[in-house]
Protein chains: 2
Amino acid sequence: MALEHAILVSLAERSASGYDLARRFDASIGHFWKASHQQIYKVLGRMETAGWVTPDVVAQDGRPDKKVYVVTAAGRDELAAWTSRPSTVEPTRSELAVKLRALPFGDTAAITDDVRARRRAHEQQLAYYLESAARFYPRPDDVTADELGGWLVLRGGILAEQTGIAWCDEILQRLVPEADDADR
Amino acid sequence: MALEHAILVSLAERSASGYDLARRFDASIGHFWKASHQQIYKVLGRMETAGWVTPDVVAQDGRPDKKVYVVTAAGRDELAAWTSRPSTVEPTRSELAVKLRALPFGDTAAITDDVRARRRAHEQQLAYYLESAARFYPRPDDVTADELGGWLVLRGGILAEQTGIAWCDEILQRLVPEADDADR
DNA sequence: AACGCCATGTAAAGCGTTACATGATTAT
DNA sequence: ATAATCATGTAACGCTTTACATGGCGTT
């Protein structure tokens, strides 16, 4: 019960083709809800059948036609109804947690490298979020009602990445205790 | 590429039946990798075919027989090999993030309630983790090599729940700005 | 009598990933 | 020439969830 609604939100903000949606999902909203273009096309088909969206075929020169999907009144109703339904907390899935439990049965050096790689990935993502925050929300206290959601989502991303880094650091301090911070 | 390995880790720590595993997955390791009993039975079947585990049928009185699965040498090899393969960072999935973006199209009061419910859930989970930490790892600096993984996983859980609470608080401060902390 | 625990599964449906497919335009 | 971008899909497979099924024992 969710990709449909993520797409509805994205289309409610601005109508788009499946292709456009796929790119948006690679960028902003997709950091919190991944979807491939194949999936998006499939779900858009279902949503059209349900009457939540209608395609608007737009001819382009030098490029293939595209179907720009627009949210219908029924789609907006569904979106509003969905916000009123309580959400379930999604279960955490951490391969790293499983690997940490596997420490006595595996290769500590390889696991350590894996943690370092994760730390780097978290740092990159954090840098990207911080840059987005500085560019799109330079004065967080002054965000408009329309922008508030985007800002809060970004804050969630920033907090999560910082926590990821902090966890990796705690792990590395235990796995590589003799090193100092620089070469850990 | 993951439930197999979570099961291998759990069985390497202690042999168990599918039913036992399902209960363990409800408790400790399952906080970081959920699995239902139906899924576990199916995967155990596959793992037996692959030669990673062997069943040991144990008769019980007043209860149905159970198949206690034991990790084979091949299973241990696979487990060790898996720890050496780099892991992929699992994509975040946050229904709350999507809902925040839906604020302009939905019911703010309902979304606020949802955030409050999530905050409570995070607090409960945090309390549970803290209690586990106090009970099983009273002296974190003295954990043995065998316990280290469990401790670090618990730390990850604690950090994640604290971050979840902090995020909810930031959201509530924006959605219910006039209230003071107590009745927010 | 009804419910919950122990113990193991099957079946169906939906969700998600990977691979494959097409065909035109634009940049290197 | 080659690769990337635009644009839309199908097919196969695997993973996950939900529902159904069985059957004995102990508790309220």
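Protein chains get the first letters and strands the later ones, always in sequence-line order, with residue 1 at the start of each. The model shown is predicted, which means the values in this text are computed figures rather than measured ones. Heavy atoms only: backbone and side chains are in, while hydrogens, waters and symmetry mates are out.
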Roughly how many Å is it from OH in Y69(B) to P in dA7(C), rounded to a whole number? 14 Å
Protein within reach of the bases, or only the backbone? For nucleotides 20-25 of chain D, mark each nucleotide 5' to 3' as B, S or -, using heavy atoms under 4.0 Å. ---B-S
Nearest nucleotide by nearest heavy atom, which residue falls closer to the 5' end of DNA chain C, R93(B) or Q60(B)? Q60(B)
Only residue of D56(B), V57(B), D20(B) satisfying side-chain contact (heavy atoms from CB on, under 4.5 Å) with K66(B) is D20(B)
Is the phosphate of dC15(D), meaning OP1 or OP2, less than 4.0 Å from a side-chain N or O of R46(B)? yes
Residue whose closest nucleotide on DNA chain C lies nearer the 5' end, P91(B) versus K66(B): K66(B)
Does E90(B) pair with R118(A) as a salt bridge, N-O distance under 4.0 Å? yes
Spacing of Q39(A) atom CD relative to dA11(D) atom C1', expressed in whole Å: 15 Å
Can you classify the ring geometry of F32(B) versus Y129(B) as parallel (below 30°), tilted (30 to 60°) or perpendicular (above 60°)? parallel
Quick one: do E78(B) and R85(B) make a salt bridge, cutoff under 4.0 Å? yes
Please report, rounded to the nearest Å, how far the P atom of dG9(C) is from the CD1 atom of I40(B). 13 Å
Please step through salt bridge (Lys or Arg N to Asp or Glu O under 4.0 Å) for the pair K99(B) and E95(B), ending with a clear verdict. CA-CA 6 Å; K99(B) 265 199 181 175; E95(B) 194 171 352; 5.4 Å; no
To the nearest angstrom, how far is M47(B) atom CE from dC15(D) atom P? 13 Å
Cluster check L159(B), V89(A): I/L/V/M/F/W/Y, side chain < 4.5 angstrom: no
Atom CG of D65(B) and atom C1' of dT8(C): how far apart are they, to the nearest Å? 11 Å
So if I take every side-chain heavy atom of Y41(B) and compare against dT17(D), dT17(C), dA7(C), which nucleotide ends up nearest? dA7(C)
Please confirm whether the shortest side-chain N or O distance from S36(B) to OP1 or OP2 of dT16(D) is below 4.0 Å. no
For the pair made of NZ in K34(B) and P in dC15(C), what is the distance, rounded to whole Å? 21 Å
May I ask you to say whether R155(A) pairs ionically with E170(B), meaning some side-chain N is under 4.0 Å from a carboxylate O? yes
What is the distance from CD of E95(B) to P of dC15(C), rounded to the nearest Å? 13 Å
Think Y19(A) has a side-chain N or O under 4.0 angstrom from the OP1 or OP2 of dT8(D)? no
Look at K42(A) and dT10(D) and indicate whether a side-chain polar atom (N or O) is within less than 4.0 Å of OP1 or OP2. no
With a 4.0 Å cutoff (strictly under), does any side-chain N or O of R23(A) reach OP1 or OP2 of dC6(D)? yes
Once you round it to whole Å, what is the distance between C1' of dC6(C) and NZ of K67(B)? 16 Å
